[in-house]
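Working notes, beginning with the structure itself.
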2 protein chains.
Amino acid sequence: MATFKKRQSKQTPCQQCPLRALDHFRDFTPEELEFVSHFKMGELAVDAGATILSEGANSAHLFTVLSGWGFRYKMLDDGRRQILNYMMPGDLIGLQGTLMHEMQHSVEALSPVTLCVFERDKLHKLFANHPGLGYDMTWIAAQEERILDENLLSLGRRSALERAAYLLAFLYRRAEATSLFEGQRVSLPITQQHIADTLGLSIVHTNRTLRKLADRKLIRWAERGCDILDDKGLAQIAGWSGIQEIERPFV
Amino acid sequence: MATFKKRQSKQTPCQQCPLRALDHFRDFTPEELEFVSHFKMGELAVDAGATILSEGANSAHLFTVLSGWGFRYKMLDDGRRQILNYMMPGDLIGLQGTLMHEMQHSVEALSPVTLCVFERDKLHKLFANHPGLGYDMTWIAAQEERILDENLLSLGRRSALERAAYLLAFLYRRAEATSLFEGQRVSLPITQQHIADTLGLSIVHTNRTLRKLADRKLIRWAERGCDILDDKGLAQIAGWSGIQEIERPFV
DNA sequence: CGGGCAATTGAAGGGAATCAAGGCCGGTGG
DNA sequence: CCACCGGCCTTGATTCCCTTCAATTGCCCG
């Protein structure tokens, strides 16, 4: 089971949610805000490296990331790991586990993470009383689907260099959109092992591929993370046009 | 734009939907059935090979497959193609395009396909008046997400043989669940090029990989399609435990 | 009967995995 | 204070899975 380390409980009222201030997220109606603030049971804070949800568990909770980064992954019996996507502030976690019988992937914290915890039993009430929010849930699921589509294209048809370029450009743009500190350089808090497990490559070859990108001055590998110097250059290598979105979160 | 060939319009009333009879799909309440039968504008029949939806289009429709097979795919500028998933009877098509601004993938018919066409403008009414159906929409999107997750695991971490075995077992089980003719041998109406584009392999290597499976008597390549002889054997090679589902469709 | 598509097979080359080893750095304990 | 250790990054050498190039067959169709 998950190894939590609770550090605190309910803290940030939804009315003062810092994410809400970002252009990136849509505003609630007063009624929705009222509902959501009751939907939220509390907050959960976990350390970097902690398992937030694990494959096979059936008592899944529903969360939204309030701060920090995490990632979703699946594993084969012999230990091979595939990272499916990364979770950043505003992302919903555990929807699959809530709707289906059990989780079919795990979620791990990449940095210290704060989560808003929701009552899964009230989910039906959400659909019944706030169709706009129900619509949002579907929207969020469809958005995740899109990301996975692009990821599949990457793994199936892009070369190692293109794959790496796509991933880094993608992460950079998302990180930028959810950053609370505008203008600040965004640094990705991941190791090369994470990148390798995302791209479906070995760590050795990932390292060599990243070196090529660094040689071209597109990225720079900093201590325990990666700085993106030229996201447009990366997107161009990958043949990727970018995401267009006006997201709608939850919290 | 899409190259349709309409062969007929509204034909099968939702009340007599043949898919509804399958255990695999959940039943509607009378109110839901009533709503859906108005939600459905008509039917569209296209030939094998026709493009049902194409990437970049923004006037997307919303469809459910009534009969036949299709597939979703994305392409890179230079023509490399990645098949994302296959669409079978009961599957919803175009949800992403309906919720977002435009389609980011294309859909093509693999066999002659009949589609139920829905009014996208009534989608809000669906969420507002039939929360159960709204819930289903989210469920469907989450289910697709799961499939993509497993696919991503395949492309990233499984060997060519494992990948092929997984794909064939997966398609077989889905085909079986949506087949109207029980007991009949299910034959997959796809070419090796489709398989190659799904697995992210070249067609030559796909051919050699399928040969290995055929040599082990797990499959047999028939004229213009593939017969599955031992889906459990395939699943075992792939290290795949199967899908558990009680689906909920639409029509 | 020519032509095109799908499947098939051989041969050669390359991209990525694997094996192996070394450097850097922060943490820990004697 | 410094030796030891483990995690992460890096690099060289070798192997092999898969791609690419090329050519043949069989079949359906106009």
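Reminder, nothing fancy here: chain letters follow the sequence lines and each chain counts from 1.
- Protein atom NE2 of B:H205 is 15 Å distant from nucleotide atom C1' of C:dG13, rounded to whole Å.
- Note on ring orientation: taking the six-membered ring where Trp is involved, the planes of B:F71 and B:Y73 are tilted (angle from 30° to 60°).
- Side-chain atoms of A:R208 and base atoms of D:dG12 include a donor and an acceptor less than 3.5 Å apart.
- Going from atom CD1 of A:I195 over to atom P of D:dT10 covers 11 Å, rounded to whole Å.
- For the pair A:L201 CG and C:dT18 P, the computed distance is 11 Å after rounding to whole Å.
- The nearest whole Å value for the distance from the CG atom in B:N207 to the P atom in C:dC5 is 18 Å.
- Under the 3.5 Å distance criterion, the side-chain polar atoms of A:R81 are left unmatched by any main-chain donor or acceptor of A:M75.
- When rounded to the nearest whole Å, the span between CG of B:D78 and P of D:dT20 equals 11 Å.
- Looking at the side chain of A:V204, the nearest of the listed nucleotides C:dC19, D:dC21, D:dC9 is C:dC19.
- Distance B:I203 CD1 to C:dT9 P: 13 Å, rounded to the nearest Å.
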* Structure fact -> Heavy-atom contacts, protein to nucleotides 25-30 of chain D, under 4.0 Å, summarised as B (base), S (sugar-phosphate only) or - (none) per nt, yield ------
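- With a 6.0 Å cutoff to the six-membered ring centre and a 45° limit on the axis angle, B:R174 does not count as a cation-pi contact of B:Y86.
- For the pair B:S154 (side chain) and B:R163 (backbone), a donor-acceptor distance under 3.5 Å is absent.
- Looking at heavy-atom distances under 4.0 Å, B:T191 makes contact with sugar-phosphate atoms alone, never a base.
- Nucleic acid contact for A:G200: sugar-phosphate only, since backbone atoms but no base atoms lie under 4.0 Å from a heavy atom of the residue.
- A parallel orientation is assigned to the rings of B:Y166 and B:F170, their planes being inclined by less than 30° (bins at 30° and 60°).
- Note on the helix from C:dC1-D:dG30 to C:dG30-D:dC1: angle between the axes of the first and last five pairs equals 30°, rounded to 10 degrees.
- To the nearest 0.5 Å, atoms CD (A:Q192) and CD1 (A:I203) are separated by 6.5 Å.
- Using modelled atom types, no side-chain atom of A:R220 and backbone atom of A:D227 make a donor-acceptor pair closer than 3.5 Å.
- Looking at B:Q96 and B:E144, their side chains never come closer than 4.5 Å, going by heavy atoms from C-beta outward.
- The heavy-atom pair separating B:L168 from B:C226 by the smallest distance is CD2-SG, 4.2 Å.
- Atom P of nucleotide C:dG10 and atom CZ of B:R211 are separated by 10 Å, given to the nearest angstrom.
- In the set D:dG12, C:dA17, C:dT8, the nucleotide with an atom closest to the side chain of B:Q192 is C:dT8.
- Note: CD (A:Q193) to P (D:dT10) measures 14 Å, nearest angstrom.
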